[in-house]
Amino acid sequence: MTKIQVYNTMTQRKEEFIPREPGKVSIYVCGVTPYSETHLGHARPSVVWDVIKRFFRMMGYETLHVQNFTDVDDKIIARSLDEGVPALEISKKYIAEYLSDMDALGVERADIYPKVSEHMPEIIELVDKLVQKEHAYPAGGDVFFHVASFPEYGKLSKQRLEELRQGTRFEVDPAKRDPADFALWKEAKPGEPAWKSPWGEGRPGWHIECSAMSLKYLGEAFDFHGGGDELIFPHHENEIAQSEAATGCDLARYWVHHGMLNLKDMKMSKSIGNVIAVKELVKRYPKELLRFYLLSTHYRSALEFYDGKLEEVSKGWTRLNDAFLALQDDLARSTEERTSFDQETLEKLTSLEAEVVAALADDFNTAMAFGVLFEVVREINGYKHRQGNTTEVLQKAHDILQTFAGNIFGVLQDKKAGSDGLAESLLDLLLGLREELRKQKNFALSDQIRDQLASLGVTIEDTPQGPRWKV
RNA sequence: GGCGGCAUAGCCAAGUGGUAAGGCAGAGCUCUGCAAAAGCUCCAUUCCCCGGUUCAAAUCCGGGUGCCGCCUCCA
């Protein structure tokens, strides 16, 4: 079996992936706080993990993916007080939006989407356990985690406790024993949602929900813990402290952090906030293009977004799609005979296919995988250019693109998009007539047909194998 | 101030010790009634700068410079 290398933030290097349980991959990805619309930055990890999961399954693993919704949170509460709408109604609305936006991007859903509001008993139990073990202490109606009780604190973010104490730039709650201690449970303020607990009415601190819910659904030392790299500190550091202090086991085997999506030239667009809303993007661009863009840079690198970026990216994306579409047509009139030339191309394609797998097995390097897929495109186009027309060869190229560009990356557009059976029949009829005109050298009229179809968004290409159209 | 990361052609972007993938743009050619698509060729002696290690470095080490993230809610 192909070895899969994964960059682990904890060790700061690539490691061979060895699952906790053979053949199974358990994944916890920190999800969103549902208090406003879904933006491109949310889409990146979704698409990345979508691809990682599909790849693992192709490699014969079973995946179990848990992604939380932090639906009890300061920002939601603030919004709730602002709008006079119950907090859980707000989160419910944006959770639904998030899910439908991700659906629109073709992202396969997680297996479980636990919500904080539905896991109070588990959270309270975990906090209580930490208090019992003297890793945490109640103070008034709050409960704090005592970082000094966990000697490994800082191991993920490579921070030293002493530096953290000094780096504190905000006023420290006097109830804390140590400025670096953080809240596991917060006493309720009037008007806020609150739950009963041994320490009085209150709600969970920010980090504890992930510890409680990952433990419930994935257990101890599950395989992947993912999230944006801005979560390394304090969120994931604190999760580690809570979970590991409570269980004595590692929280996760591999910490996988993706890079941020940045905006350039924000001043160019007053409403840039709207421009990058996923809801708007999927109206204006095919989801396959958006995925191609998001996967064109390695997941750990920062990714820039700016006006015109998708137009730039779409040229390469179109090349990939055109090659695939053309192959579908070519296969319909391919032949069976085989030559040494066919054999050569077949071998080349087979070796490129192995390169794609190797790229993905090397820390999910989608950018490199695309590079190889473009070589597949060049190889097969060249083959056809040199009159190659053997089914087996064309099928091989088709299958590689179908498997990786299509099934794994989800960047191949369905040809039939935007058309129906009748429109297709009419187009074929029209193109047939146009061919007659061309045979009669009536180019004025045939060009007019082409131009007018173009203005309707239908592109005509006259190839040696006959006319081809696309929307 | 502390921690982490990044710096590769006009643009995007792979590449973690063996002599610079890929895409876009650009130039030339082929094919074509034309156009488009496609193919071929060309397009970084060089990887921010300065030292060092090595037979060999974009890749490792040290020092600069610049940028980003985190230390406060954040995917």
Side-chain angles (χ1 to χ4, degrees), chain A residues 9 12-14 29-33 35-36 38-49 67 70 73-76 78 98 154 156-160 162-171 180 206 226-237 257-262 292-293 296-298 300-304 306 308-309 311-320 322-323 325-326 355 359 362 365-386 438-439 441-444 446-447 450-451 454 459-464 467-470:
Chain A
T9 307
Q12 298 177 287
R13 57 166 190 254
K14 282 186 206 167
V29 179
C30 282
V32 300
T33 301
Y35 72 102
S36 65
T38 317
H39 62 255
L40 240 198
H42 298 120
R44 164 121 102 148
S46 302
V47 170
V48 164
W49 281 102
Q67 184 169 122
T70 304
D73 169 271
D74 289 347
K75 292 187 295 293
I76 297 172
Y98 173 86
L156 181 71
S157 58
K158 290 21 173 181
Q159 304 273 352
R160 264 169 286 132
E162 200 42 50
E163 301 294 348
L164 286 171
R165 289 180 181 125
Q166 288 172 3
T168 311
R169 290 199 309 214
F170 52 99
E171 52 182 310
W206 173 31
D229 61 19
E230 93 286 10
L231 291 178
I232 294 171
F233 191 90
H235 186 53
H236 289 161
E237 195 68 70
H257 292 100
H258 63 266
M260 294 292 97
L261 200 139
N262 302 321
F292 181 79
Y293 156 67
S296 63
T297 298
H298 184 90
R300 271 192 286 118
S301 303
L303 177 59
E304 298 289 339
Y306 46 86
K309 177 79 171 188
E311 283 69 20
E312 285 172 22
V313 167
S314 77
K315 306 242 176 98
W317 172 74
T318 302
R319 176 172 159 82
L320 201 56
D322 282 356
L325 257 30
E355 281 184 48
D362 185 5
N365 196 333
T366 53
M368 180 181 244
F370 278 130
V372 181
L373 289 178
F374 277 111
E375 289 187 55
V376 170
V377 168
R378 182 152 37 81
E379 185 67 26
I380 197 63
N381 282 341
Y383 170 79
K384 294 191 309 193
H385 183 78
R386 286 168 284 163
R438 291 182 65 215
K439 271 185 197 150
K441 309 268 186 223
N442 190 343
F443 297 122
S446 69
D447 285 354
R450 186 171 63 195
D451 291 346
T459 309
I460 303 302
E461 292 172 8
D462 296 311
T463 73
R468 184 174 281 157
W469 63 269
K470 63 178 184 176

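Below, read A as the first sequence line, B as the second, and so on, with proteins coming before strands; counting in each chain starts at 1.
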Point to revise | Side-chain ion pair, A:D462 and A:R468, N-O less than 4.0 Å | key: no
**Study point:** Rounded distance (nearest 0.5 Å) linking atom OG of A:S157 with atom NE2 of A:H236
**Key:** 11.5 Å
Point to revise | Base paired to B:U54 (Watson-Crick or G-U; both N/O distances under 3.5 angstrom) | key: none
Review point. Considering every strand shown, what is the Watson-Crick or G-U wobble mate of B:C31 when both distances are under 3.5 Å?
Key: none
**Study point:** Polar side-chain contact A:D447-B:G33 base: donor and acceptor under 3.5 Å
**Key:** yes
Practice item. Taking the side chain as every heavy atom from C-beta outward, state whether A:L40 and A:Y293 have any pair of such atoms under 4.5 Å apart. Key: yes
**Study point:** Inter-nucleotide C1' distance (B:C24, B:A9), Å rounded
**Key:** 13 Å
**Study point:** B:C48 versus B:U8 - spacing of their P atoms, nearest Å
**Key:** 6 Å
Review point. How far does the C1' atom of B:C68 sit from the matching atom of B:G26, given to the nearest Å?
Key: 31 Å
Review point. Between B:C70 and A:S157, is there an OP1 or OP2 to side-chain N/O distance shorter than 4.0 Å?
Key: no
Exercise for review: Take A:E312 and A:G259, find for each the nucleotide of RNA chain B with the closest heavy atom, and name the residue whose nucleotide sits nearer the 5' end.
Suggested key: A:E312
Exercise for review: Considering just the side-chain nitrogens and oxygens of A:Q67, establish if one lies under 4.0 Å of OP1 or OP2 belonging to B:A75.
Suggested key: no
Review point. Taking N and O atoms by type only, does the side chain of A:R450 place a donor or acceptor under 3.5 Å from a partner on the base of B:A35?
Key: yes
Review point. Can A:F443 be called stacked on B:G33 when the rule is centres closer than 5.5 Å and an angle between planes below 30°?
Key: yes
Review point. Looking at the side chain of A:N262, which of B:A13, B:C68, B:U16 is the nearest nucleotide?
Key: B:C68
Review point. With both distances under 3.5 angstrom, what nucleotide forms a Watson-Crick or G-U wobble pair with B:U46?
Key: none
Practice item. In whole angstrom, give me the gap between the P atoms of B:U45 and B:C60. Key: 22 Å
Practice item. Respond yes when some side-chain nitrogen or oxygen of A:H42 is under 4.0 Å from OP1 or OP2 of B:A75, and no when none is. Key: yes
Exercise for review: Could you check which of B:C70, B:A75, B:G22 has an atom nearest any side-chain atom of A:T33?
Suggested key: B:A75
Review point. A:L164 CG to B:C71 P: how many Å, rounded?
Key: 11 Å
Review point. Got A:K470 and A:D322 here, is their nearest side-chain heavy-atom distance under 4.5 Å?
Key: yes
Exercise for review: When you get a sec, tell me which of B:G39, B:A36, B:C71 is the closest nucleotide to the side chain of A:E461?
Suggested key: B:A36
Point to revise | Closest listed nucleotide, where the reference is the side chain of A:A367 and the choices are B:A14, B:G4, B:G2 | key: B:A14
**Study point:** Candidate nucleotides B:G5, B:A14, B:G69, ranked by approach to the side chain of A:H298 - the nearest
**Key:** B:A14
Review point. Say you draw a straight line from CZ of A:R319 to CG of A:N381; how long is it, rounded to the nearest 0.5 Å?
Key: 6.0 Å
Review point. Under 4.0 Å: is that the gap between some side-chain N or O of A:N365 and OP1 or OP2 of B:A14?
Key: no
Exercise for review: Determine which nucleotide pairs with B:U19, using a 3.5 Å limit on both distances of a Watson-Crick or G-U wobble pair.
Suggested key: none
Check your understanding: Below 4.0 angstrom, N of the basic side chain to O of the carboxylate: do A:K309 and A:E312 qualify?
Key -> no
Study note, to complete from the structure: Closest to the 5' end of RNA chain B, once A:I460 and A:L261 are matched to their nearest nucleotides, is A:I460
Point to revise | Atom pair distance, as rounded to whole Å: CD in A:E230 and C1' in B:G4 | key: 13 Å
**Study point:** Base B:G33 paired with A:R438 side chain (donor-acceptor, <3.5 Å)
**Key:** yes
**Study point:** A:S301 side-chain proximity, nearest of B:A14, B:A37, B:C3
**Key:** B:A14
Exercise for review: If B:C70 has a Watson-Crick or G-U wobble mate with both distances under 3.5 Å, name it; if not, just say none.
Suggested key: B:G2
Review point. With distance as the sole criterion, do the side chain of A:D462 and the base of B:C34 form a donor-acceptor contact below 3.5 Å?
Key: yes
Exercise for review: With the side chain of A:R319 defined as its heavy atoms from C-beta on, choose the nearest nucleotide among B:A75, B:A13, B:G39.
Suggested key: B:G39
Exercise for review: Taking atom P in both B:U59 and B:G17, compute the distance separating them and give it to the nearest angstrom.
Suggested key: 11 Å
Review point. Between B:C3, B:C12, B:C70, which nucleotide gets closest to the side-chain atoms of A:Y306?
Key: B:C12
Point to revise | Nearest heavy atoms of A:A359 and A:A369, plus distance in Å | key: CB-N, 3.7 Å
**Study point:** Separation between the P atoms of B:C55 and B:C50, rounded to whole Å
**Key:** 23 Å
**Study point:** Identity of whatever pairs with B:U65 - Watson-Crick or G-U, under 3.5 angstrom
**Key:** B:A7
Check your understanding: Any side-chain heavy-atom pair from A:L261 and A:H39 closer than 4.5 angstrom?
Key -> no
Exercise for review: For nucleotides B:A44 and B:C11, find the distance between their C1' atoms and express it as a whole number of Å.
Suggested key: 14 Å
Practice item. Determine the interatomic distance between C1' on B:A21 and the same-named atom on B:C43; round to the nearest Å. Key: 16 Å
Exercise for review: Please state whether the phosphate of B:G2, meaning OP1 or OP2, lies under 4.0 angstrom from any side-chain nitrogen or oxygen of A:R160.
Suggested key: no
Point to revise | Given B:G22, B:A14, B:A75, the nucleotide with the shortest approach to the side chain of A:F374 | key: B:G22
Exercise for review: Among the candidates B:G2, B:C71, B:A75, find the nucleotide nearest to the side-chain atoms of A:Q159.
Suggested key: B:G2
